[in-house]
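In what follows, every chain begins at residue 1, and chains take the letters A, B, ... in the order their sequences are listed. Values reported hereafter were calculated over all heavy atoms of this structure, with side chains retained and with hydrogens, waters and symmetry mates removed.
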Amino acid sequence: MNRQNTRKSLFLTTTNRCWCRPTLKRPGNVQSSQQKFSISTPPLSSIILPMSASVSPLRAPTGSPQFPKLEKEVLEFWEDNGIYQQSLDRRADGPQFVFYEGPPTANGMPHPGHCLTRSIKDVFPRYKTMQGFRCERKAGWDTHGLPVEVEVGKELGIHSKEEIEAYGIEPFIQKCQSSVWRYMQQWQTLTQRLGFWVDLDEAYVTYHQSYVESVWWSLKTLFDRGLLYQGHKIVWWWAQGGTALSAGEVGQGYREVADPSVYVLFPLVDHPGRSLVVWTTTPWTLPSNMYAAVHPTAVEYSVVKDEETGQELVLASALVETIAAKLKRELPVVETVSAESLIGQRYEPPFPDFHQATGDPVGKLVGGETQSKYWRVVAADFVTTESGSGIVHQAPAFGEVDYDVLIDQQKLFVDGDGPELLCAVGPDGKFTDAFAEMKGVWVKDADKPISRKLKENGRLLFLEQYLHDYPFCWRASEDPLIQYPRESWFVRTTEFKDEMLANNAKIGWQPGHIQDGRFGNFLASNVDWALSRERFWGTPLPIWVCQETGQMEAIGCYDELLAKPDVQGTEVWAKAKAENPELVDDLRVHKPYIDAVTYASPFSDGARMQRVTEVIDCWYDSGAMPFAQWGYPHQNADRFLDQFPADFISEALDQTRGWFYSQLAISTMLFGKDSPNPIAAKDGLETPKYDYPHPFRNCIVLGLMLGEDGKKMSKKDKNFREPNEIFDKYGADALRWFFFSKQTPWTAIQYKEQAIKDSIPEFLLRLWNVFSFLTIYAEIDGFDPTTATAADDQLSPSSLASAPGYRDASERSEIDRWILSELNQTIATVTERMDALDNYNACRAITGLVDGLSNWFVRRSRDRFWAKDTDSQDKNDAYWTLYESLLEVTKLVAPFVPFLSETLWKNLTSPFSESVLGSVHLCDYPKPIQDRIDPELSESMHLLREIASMGRAARAEAKLKVRLPLSQVEVVLTDDSRIDWLKQHDDLVKEELNVKTVDYTTEADKYVQYTVVPNFKRLGPKVGKQIPAVKKALAEADGNDLLQAMQRDGKVTLELPGGSVDLDDQDIEVRLQAREGWAAAQGSRCVVVLNTEVTDELRREGIAKDLIRTIQNQRKEIQCEYLDRIEVAVETDMDEVILAIKEHGDQIANETLADTVTLGTLPDVDPIENEYGRVFVRRSSSSPASGGES
RNA sequence: GGGCGUAUAGCUCAGUUGGUUAGAGCGCGUCGCUGAUAACGACGAGGUCCCAGAUUCGAGUUCUGGUACGCCCA
């Protein structure tokens, strides 16, 4: 009894903590788990152990697995034993697989989309680690930028720049710094709960001083190479708030509004009485007009006569009628003119202010001639005839495309003699002195007076209201945004366009179309990177300006700054720190402290150098991550050199213009072929040049995640489940498996609770059930894997061979060799797919294997496990095959479902105690054993399964249920090559189909009709255009004759209109079709024909089987244990039932563990009625559990 | 307005270099199994592969043009 008590304890802990070894830190002991978890299954004391068997150390799990609970235990185990660190340590000397973490911002809550990226980011490093690679995973956090400022602003109840300044930049920045970590806890919990192994403790942080200084170094490098410059950028400007808005913010604020739409006349200087018709929806921009644009080729222009005013108007021919209709009068065409003839013509601007102020100057062209700087017709290919007049008003100050026109114009002139930007509006959105008559008027209030003024001057042809979408400030919804020019710093990325394209061409993109599609196109249309931001919380642009001469220099790190002559202003930081010692030191390189630091100008005696005010685009921060995460070059040069470039990164599609670009651009500029190999700040350290691609070699671009309804996920619509809810209900493995196996990662994924839930029965539970099956019978039979005395620490197949009961795979039965072949083939496929970063097809292969294991190997092997002789070699083979397969599958799935695999590993290896690796994640990934792969066997088994399947189809068709035995099936095949093999497996087919005999044949004219079809793939190249004729000839000929001819001569000759053609047996395919009148079913390669004659004898056997089923059901009903004995009685008045019981009573008793099977009734037992009578079942008095149990 | 992508069974998605019978899972239906049982198996129904044209002996697959949806940019 002692023994049984011990066993009971072990058993209880099986699904819980049995794998917490004494050597491990955690005191996982039996008592605590007993208290913690209740067990619903009856105790094992009711099981009688077979006398001959040893006690198996394997334990069956109790009840159904609760994956979330198991996962939490695994998490604790990992945590307590530092498994992740161990997995890295084991590979310290391995080859390198470099992974970069694209930094998320911890300033917002993590959502399901992050689960996807983090799952994908996890699976490949795990896989590579198991493959023996050293794969470090440094986490990172993106901490700068406007979103952070906005969050803080909300908290403070302020939003405009002025308000922030009034509040104080210093306290504001301090709040930003602490706000960055607001959701840190949630992020860490999610990361850990999902099983994403990453070094959170070592994370790089973009606001850290070392990080900022790396960024400074790179900017200094660019500055010194002349790649940083100042220019104008047209931005969406919130005039009231005094700030520019990012594209994303602008996108949020579009509203449909009605604006005045005016058709304005621009009289041509050299054609009195003739005017251009120019269209605009922003009349307030007209005082700043500089040009009128026409399309140089695609648009034809007409001169029409406005008979009401007598004027001649120039406009696009295609729009004459439209405008005539608006004016409600005819506009007869005088002549058509080419755009060519219009270009260069001068006109009178709509308002004279700038004309007078500038004196309508002339400038010197690059070619040596001269030309007027302003108020000419110019060419622009964005001009269309979709709306307006086909001639577009150009106010470069208020439109990005207009601005580009100005840039193009400036390029025509010699330096310094080109047109200036004309702008009559101040940053506050009000007119300046440049348009004196409306000085101080908010531009949007000026539309009406301006229109009125135009009308007074006879310049207004027509005015109407125009409905369109226009952006408003998302924080102050009444404020319309305007486009406005701001001074900005740019990086001259356009100079590196070709290099970036060359770099891109070498990157392994997944999916491939990103390369030449979205990303390639983006690079091809590269514009200089607008780097600066007029904000507060960001990496300060490290450029100091001489207050006297305006000359500048860049600074590469804080110490470099301090080493400058006569440094002043550092006391601002010192004072702040003294007042509040809690302040993190990293703030000293941020505004406002850094702004206070000045030094003596080297350019002018007595002058001071002062930093420019801007911070930089936080995309630059993240793009600098390959070197900045290490603080390179100021420190850790070896780490950088070691970890560059990355082998693998992955983010969602929205990073195309974000992190993917910023990384590639920065890396190409700093480390590309044409970079001049600058000397890094660290002594003698030379910045390396790298062959493309860098900084990442491969990138999986993930699709966007959509909500349950296929729309964008939105908290408001509640169209998705929170990750934590999923984890609690189904577990992280279910979610991961959903991501990896349900679709290619780049498709837009619908995040569906049901689909995640489905992972459980489809995969997790199915695998679990195989494991459960093994342990149930291992326990009963005493299967003991530790008899493999030479087993190594990961129980590799070869080392298990040391067990006495272990036979070489080649000696085992077909089904064993088959599943081992499938296993090894799958290992080969999964490895090949994962090396190609193709998780989807790797998962498909795994699914197929687990299906084969569960639905064919286990199913077909059940009676081997149930065999009475516990020591039979076949039974041993079955155990070893299943045990070994499960071990290997566990390793195979470990990167995908790290929790389940860990639990399985723990349970499967528990008998070995500490001689085996404590975690599956420390194991080597399985390697295919080539000589166990048997494609021929695989193919044959496939055929066998098809035969079984067809047999069942035929039965269903003939309405002959499987329990009713039949005398014979005949299997007709297209060729005889596998008949011998199939004959050896008669038993299997007989059992699957419940028939007495199986016959195979290739000649069965009586049952089937042969048809011969061409093998198009082969014949296509051979006979080309004659294919239709071949097809027709084969279809018309008699298949059976053709086949005979083929078997006789080895070829068939067809007479065709174009000559005769010889076909060999490879050129054709033979197909079978069952003839009418047989209980037959046809598959692709076989026809299965049933003998439907049911003799009395067969019928009685069927009755016996039906009874067995009824009794088995009842066993369960009365809650019998596995090995309980029962008594059975059947009451019937049907003679053939009585006879059936007489004939098959032993079999019935045998299969149902009945001591007696009698005719009649049993007292005090409720019978079950069935078609044969009443069946009585009760637990036998000889049953061990009957004595007062339960 | 431009770029990119997607469109295949009721749903979610695969489909390699063109090869003539387009697959999977789920769902549905029918049947079966019943000591892996909060499982399992078999079979079945269900598809003008978005539309139109082109190339080809042959197109879900290549090309052109459209339509719808999504994303990015303007």
Side-chain angles (χ1 to χ4, degrees), chain A residues 60-61 63-66 247 250-251 382 384 386-387 399-401 511 513-514 516-522 524-525 652-654 656-658 703-704 706 710-712 738 741-744 746-750 752 754-755 757-763 765-766 768-777 780 840-841 844 847-848 851 854-856 858-859 862 865-866 948-957 959 961-963 992 1013-1021 1023-1031 1069 1071 1081 1084 1105 1108-1110 1112-1113 1115-1116 1120-1124 1151-1153:
Chain A
S64 314
Q66 290 169 37
V250 175
F382 55 77
T384 69
E386 296 279 315
S387 55
E400 212 169 332
V401 288
H513 60 72
I514 298 289
D516 295 323
R518 197 176 275 224
F519 197 65
N521 285 341
F522 177 62
S525 59
L653 188 65
D654 55 4
T656 311
R657 288 147 193 261
L704 268 92
L706 306 171
K711 291 181 187 144
K712 235 179 177 168
F738 163 72
S741 70
K742 289 286 159 109
Q743 61 271 305
T744 52
W746 46 85
T747 45
I749 294 174
Q750 269 197 48
K752 264 201 167 149
Q754 184 59 43
K757 189 180 172 183
D758 287 343
S759 300
I760 293 177
E762 279 169 26
F763 181 70
L765 193 56
R766 184 176 282 181
W768 180 272
N769 281 338
V770 176
F771 155 73
S772 164
F773 179 90
L774 169 77
T775 51
I776 286 173
Y777 292 102
I780 292 172
Y840 175 75
N841 283 298
R844 278 167 59 110
T847 305
D851 181 65
S854 167
N855 291 336
W856 195 245
V858 169
R859 194 161 76 89
R862 268 194 276 214
F865 291 97
W866 297 340
S949 164
M950 288 306 113
R952 276 185 290 258
R955 265 185 177 276
E957 179 74 19
K959 299 199 191 310
K961 59 185 175 183
V962 182
R963 234 179 284 126
E992 283 287 310
V1013 295
N1015 177 351
F1016 288 99
K1017 197 161 189 172
R1018 196 175 144 98
L1019 278 177
V1023 304
K1025 297 197 178 196
Q1026 294 209 73
I1027 278 218
V1030 172
K1031 186 178 174 183
E1069 278 173 38
R1071 288 187 185 149
S1084 58
K1105 281 186 191 281
I1108 289 172
R1109 186 223 165 160
T1110 307
Q1112 295 286 38
N1113 246 357
R1115 275 186 68 103
K1116 215 170 79 183
C1120 283
E1121 285 302 318
Y1122 289 97
L1123 299 174
D1124 282 354
E1151 292 194 17
T1152 61
L1153 296 185

Mind calculating the distance between [atom1] ([X]) and [atom2] ([N]) to the nearest angstrom?
X         : N     : atom1 : atom2 : value
A:Lys757  : B:U12 : NZ    : C1'   : 16 Å
A:Asn769  : B:G41 : CG    : P     : 10 Å
A:Lys752  : B:C11 : NZ    : C1'   : 6 Å
A:Asn841  : B:U16 : CG    : P     : 10 Å
A:Gln754  : B:C13 : CD    : P     : 15 Å
A:Lys1031 : B:C57 : NZ    : C1'   : 10 Å
A:Phe773  : B:U34 : CZ    : P     : 15 Å
A:Phe738  : B:C13 : CZ    : C1'   : 11 Å

Side-chain N or O of [X] less than 4.0 angstrom from OP1 or OP2 on [N]?
X        : N     : answer
A:Arg955 : B:G32 : no
A:Tyr777 : B:A36 : yes
A:Thr744 : B:C13 : no
A:Thr747 : B:A14 : yes
A:Asn521 : B:C4  : yes

Looking at [N], which nucleotide sits across from it as a Watson-Crick or G-U wobble partner, both distances under 3.5 angstrom, or is there none?
N     : value
B:A42 : B:U30
B:U67 : B:A7
B:A54 : B:U62
B:U16 : none
B:A22 : none
B:A36 : none

Checklist entry - Between A:Pro761 and A:Arg657, which is nearer to the 5' end of RNA chain B once each is assigned its nearest nucleotide? => result A:Pro761
Checklist entry - For A:Val770, which contact category applies under a 4.0 Å heavy-atom criterion: base, sugar-phosphate, or nothing? => result base
Checklist entry - Parallel, tilted or perpendicular: which fits the ring planes of A:Phe771 and A:Trp768, with parallel below 30° and perpendicular above 60°? => result perpendicular
Checklist entry - Should the pair A:Phe865 and A:Phe773 be assigned to parallel (<30°), tilted (30 to 60°) or perpendicular (>60°) ring geometry? => result perpendicular
Checklist entry - Which value, in whole Å, describes the distance between the P atoms of nucleotides B:G41 and B:A59? => result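 Those two atoms are separated by 39 Å.
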Item to check | Same-atom distance (P) from B:C4 to B:C49, integer angstrom | outcome: 26 Å
Item to check | Side chain of A:Glu762 (C-beta onward), nearest among B:G70, B:C40, B:G25 | outcome: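 Of the candidates, B:G25 comes closest.
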Item to check | From B:A36, B:C26, B:C71, nucleotide with atom closest to A:Asp758 side chain | outcome: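 Closest nucleotide among those given: B:C26.
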